Amino acid sequence: QGLAALVKALSWETEVLNLSRNDLGLRGVTVLADRMSEARLPRLRSLDLSSCGVAGTALSMLCASLLQCPFLLRLDLNHNSITDVEGIGEMLADHTHLSRLALNNNFLTARGVVSLFRGVLENSRNGGQLADLGLAWNGFGKPGALPAAEAISEVLAASVTLYHLDLSYNGLDAACCAAIGSGLKDNHHLYGLHLVGNAATMDADGFLQPLCNAGEREMPMGEAMSLPGQLRSGDPHLFAANCLAGGNHAAAAAMLNTNSVRRSFSRRHSDPAVLSSATAATADEELSEDTILRERDDLEQKSTCWACEGWTRVELEWDVPTLHDAPDFVWAFTSLDGFSAALSLRRLEVEIDGVRKVRFVGARMVPGGCKLGVIFQVDGKIRIAPNMGTEALANPADVRLRGRRSMDVVKVHEMGVINCPISPGQGQDKLHGQRTVLLDGPDGCPVQMLRVTESEHRRLYRRQSTSITFFATFEKETAELLGECLTEDWSKAKVGRIVSEQDWPEVQMVLKESYRKVVAIYRLISTLGVASETSFGVNQIELSDLVSKAGLIDTRTRIADVDRLFIAAKVANLEMKRGPAVKNDKALARHQFLEFLLRLADQRYIQSGDKPNLAEACEQALRAVLGALNDLGEALVLEIDTFFEALHTEASDEVYKRHRHALQLVYKEFSGKNTKPGALVFMSLSEFQELLDLMEAHNADFPHQRSGFAFRLGMMTQAEETYSS
């Protein structure tokens with residue numbers, strides 16, 4: 001009713017209508033579409049229906065009615081549950097004034113993208129003006145996405161109006177990116193392209209490099225295709241790092257971002273039907289960095305898009321005073337790519353004041369307002385242009401010479417500096433050096449405005465954090481979990497033969513205080529000497545060594561006693577109704593290790609008659625044994641806590657997320673060889689050790705004997721570790 005009243009009150013002179021973040025659904029869109037179908041909004045220029053639950057029938061009705069708004073320039077349909085965009089494609093074919101269409105954060109299918117770009121192609125052929133198209137975060141880059149990529153390629157090869165295209169975070173594989181690149185081969189009109197989150201990189205010269213999937217050959221540099229777009233397909237938060245990254249590291253990072261897309265996309269909502277309800281959030285909810293990356297308009301993010309970031313052309317020149325002094329060739333290296341790529345400068349002969357001179361010239365596109373470092377190679381020597389200011393490099397750069405000395409590498413300590421101008425625009429002086437964006441002005445002309453900062457966005461749009469960390473399902477050793485471990489182990493150990501039932505509460509209290517140390521000690525010594533497919537457990541030699549190092553070998557407890565206690569603890573409890581799944585006839589399981597500690601305490605302090613009261617004797621005896629092992633237990637707990645504290649950080653989490661795809665491939669290759677048919681596939685210790693050997697991971701600090709402990713750290717502590725492996 002509210003929307004109906006609003007629409008009814010709209011003047012026929014209305015030019016901008018923003019209904020975003022309102023759950024309109026089919027009924028609301030029907031009301032709006034009826035109004036537009038009656039030609040009641042003929043001057044409408046901008047319509048924003050983001051996060052309005054627009055999809056299916058509602059979308060079809062909307063698209064049909066938009067043809068009655070002939071002056072519509074901008075349509076925003078972000079954050080909806082749109083899958084099929086055939087109606088939008090048909091509308092684009094006939095709507096020649098629409099210049100910007102945003103469909104970010106939807107659920108477009110590859111088939112829908114094909115329909116959409118058929119409409120974009122018809123728009124171009126019919127003299128349309130579509131210049132800006134946003135399709136980020138749709139995840140249509142699944143198996144079978146090649147037809148969609150080919151449809152995009154066909155548009156890029158034919159369109160002379162498309163100026164800016166955002167395909168970020170769609171998980172397009174190398175074949176799809178190669179198809180898109182073929183359409184860009186002769187394209188001189190697309191100025192801004194976002195490809196982060198797909199299997200492609202861009203070099204500093206604007207050439208697209210599709211990345212190979214596992215098992216495919218690496219695409220040589222000669223097959224790169226020209227693309228006026230961004231520099232590197234990496235994390236927008238790491239723009240500078242990606243600009244300077246080189247070689248396989250940058251390629252791997254961009255390749256693995258593809259899986260990050262699928263992770264974030266599938267994590268967000270697997271069912272499009274729930275999207276409209278999921279997009280509604282209260283103003284007081286927190287906004288995570290991952291949510292910011294996905295939820296914000298692409299224009300607000302730092303990127304390497306030439307259009308969004310105001311890249312500008314910078315001329316590079318090397319002047320030669322006379323023809324006699326002219327070198328054979330001149331190359332230019334820039335800080336844009338860490339001085340890794342060389343630009344061959346073109347030789348020109350010019351006449352200045354009647355004197356013939358030689359000038360070597362070239363050009364690079366660089367971010368507006370940045371400071372560009374330049375180094376020249378003149379024949380075989382590294383030089384800096386005399387007319388440039390110089391600046392010392394914080395980290396000396398290794399520059400590989402070109403030409404006849406292409407095998408030589410020279411370490412460079414300083415560079416020439418060019419201060420690049422910002423792109424011309426309205427308010428240039430006022431906005432100099434600041435991140436800006438071009439928006440539609442009231443008179444139809446673009447207006448240069450400041451971009452929204454991250455802090456401002458957090459204040460304006462607070463949403464509930466939906467970021468899931470890489471180790472979200474990894475359960476740490478909480479007090480509750482350790483309590484469950486003690487309960488399970490106590491029930492399986494033959495404690496009734498050692499401790500009277502009336503003394504159980506006191507003894508359990510003592511154990512509970514130190515059981516994390518007990519588990520930590522068991523985790524370490526149960527992995528020593530374990531190899532191949534032997535189950536984890538504490539063997540007799542390691543147990544004797546542990547008791548000896550704890551200073552518990554004396555006249556009251558001899559090595560022979562330790563062996564006897566080991567055998568007694570190893571005897572299975574007849575009350576256990578079924579056999580264990582984890583078997584090791586020569587080692588103690590965790591509950592048997594607990595029983596051994598109880599027997600050791602009984603041997604040293606109770607049977608010797610040192611304590612008159614049995615309950616007091618049990619408690620103090622156990623404290624004495626655990627006290628002797630306290631230093632080792634504390635050291636192990638500290639080591640584990642330090643490790644997980646360093647591992648479970650935001651920085652480490654981002655590294656794991658970027659490399660998730662590679663980790664999954666490695667895990668798939670090195671798992672399942674010892675899995676029984678029909679059982680859940682897992683990686684065994686022998687497979688883990690085989691992987692470490694191939695990696696050549698072992699050294700003096702990490703000997704082969706520690707591989708079992710590393711493997712055990714990767715396993716979550718379980719309350720039940722006997723009946724289940």
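Everything numeric in this text was worked out from a predicted model, so none of it was measured. Excluded from the calculations below are hydrogen atoms, water molecules and symmetry mates; all remaining heavy atoms, backbone and side chain alike, are included.
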Rounded to the nearest 0.5 Å, the CD1 atom of I418 sits from the CZ atom of R364 at a distance of 11.5 Å
Is the side chain of T161 donor-acceptor paired with the backbone N or O of Q129 at a distance under 3.5 Å, no angle test?
no
Can you tell me how far CD of E154 sits from OG of S182, rounded to the nearest 0.5 angstrom?
10.5 Å
Separation between CD (E654) and OG1 (T649), nearest 0.5 Å, reads 10.0 Å
Looking only at heavy atoms, what is the nearest atom pair of K371 and V417, with distance?
CG-CG1, 3.2 Å
Do you know which two heavy atoms are closest between L345 and A332, and how far apart they sit?
CD2-CB, 4.1 Å
Would a 4.5 Å heavy-atom cut-off, applied to side chains only, mark L165 and L156 as touching?
yes
Can you tell if the side chain of V399 reaches within under 4.5 Å of the side chain of W331, non-hydrogen atoms only?
no
Angle between ring planes, H194 versus H164, binned at 30° and 60°: parallel, tilted or perpendicular?
perpendicular
Steps toward side-chain contact (heavy atoms from CB on, under 4.5 Å) verdict (W137, N78)
CA-CA 10 Å; W137 290 104; N78 303 313; over 6 Å; no
Is there a donor-acceptor pair under 3.5 Å between the side chain of S50 and the backbone N or O of H79?
no
Before you tell me yes or no, could you show the steps for V378 and F360 under side-chain contact (heavy atoms from CB on, under 4.5 Å), namely the whole-Å CA-CA distance, both residues' side-chain angles and the distance that decides it to 0.1 Å?
CA-CA 10 Å; V378 182; F360 289 83; over 6 Å; no
Any donor-acceptor N/O pair, N170 side chain to N198 backbone, under 3.5 Å
no
Rounded at 0.5 Å granularity, tell me how far CG in L121 sits from CD1 in I152.
12.5 Å
What's the shortest heavy-atom distance between A110 and A148, and which atoms?
O-CB, 3.6 Å
Could you pull out the closest heavy-atom pair between A149 and C176, with the gap in Å?
CB-O, 3.5 Å
If you count every heavy atom of other residues, nucleotides or ligands that lies below 6.0 Å from N395 atom CG, does the total exceed 12?
no
Identify the two heavy atoms, one from G362 and one from E315, that lie closest to each other, and give their separation to 0.1 Å.
O-OE1, 3.4 Å
With no hydrogens and no angle check, is any side-chain donor or acceptor of N104 less than 3.5 Å from a backbone partner on S168?
no
Looking only at atom types and distance, does a side-chain atom of N123 sit under 3.5 Å from a main-chain N or O of H95, one as donor and one as acceptor?
yes
Min side-chain heavy-atom separation R402-F329 under 4.5 Å
no
Audit row: L116, L103, side-chain contact (heavy atoms from CB on, under 4.5 Å) steps and yes/no
CA-CA 11 Å; L116 175 66; L103 289 165; 4.0 Å; yes
For residues N387 and E317, determine if any side-chain heavy atom of one lies less than 4.5 Å from a side-chain heavy atom of the other.
no
Go through M91 and L98 one step at a time and tell me if the side-chain contact (heavy atoms from CB on, under 4.5 Å) criterion holds.
CA-CA 10 Å; M91 181 268 295; L98 190 67; 4.2 Å; yes
Side chains of R74 and R45 in contact at under 4.5 Å (non-hydrogen atoms):
no
Flag if over 12 foreign heavy atoms under 6.0 Å of CD, E696
no
Taking S153 for the side chain and A179 for the main chain, is one N or O donor matched with an acceptor at less than 3.5 Å?
yes
Heavy-atom closest contact (A199 atom, C177 atom, distance):
O-SG, 3.6 Å
State, with a plain yes or no, whether a side-chain heavy atom of T334 is found less than 4.5 Å away from one of V366.
no
Is a donor on one side and an acceptor on the other found under 3.5 Å between the side chain of N138 and the backbone of A136?
yes
Backbone N/O of G416 and side chain of E414: donor-acceptor pair under 3.5 Å:
no
Report yes if some heavy atom in the side chain of Y169 is under 4.5 Å from a heavy atom in the side chain of V196; otherwise report no.
yes
Any side-chain to backbone donor/acceptor pair from D173 onto A175? Under 3.5 Å, distance only.
yes
How long is the straight-line distance from NE2 of H189 back to CG of L162, given to the nearest 0.5 Å?
11.0 Å
Is any side-chain heavy atom of V358 closer than 4.5 Å to one of R347?
yes
Let me confirm one number: the CD1-CZ distance from I375 to F333, rounded to the nearest 0.5 Å.
8.0 Å
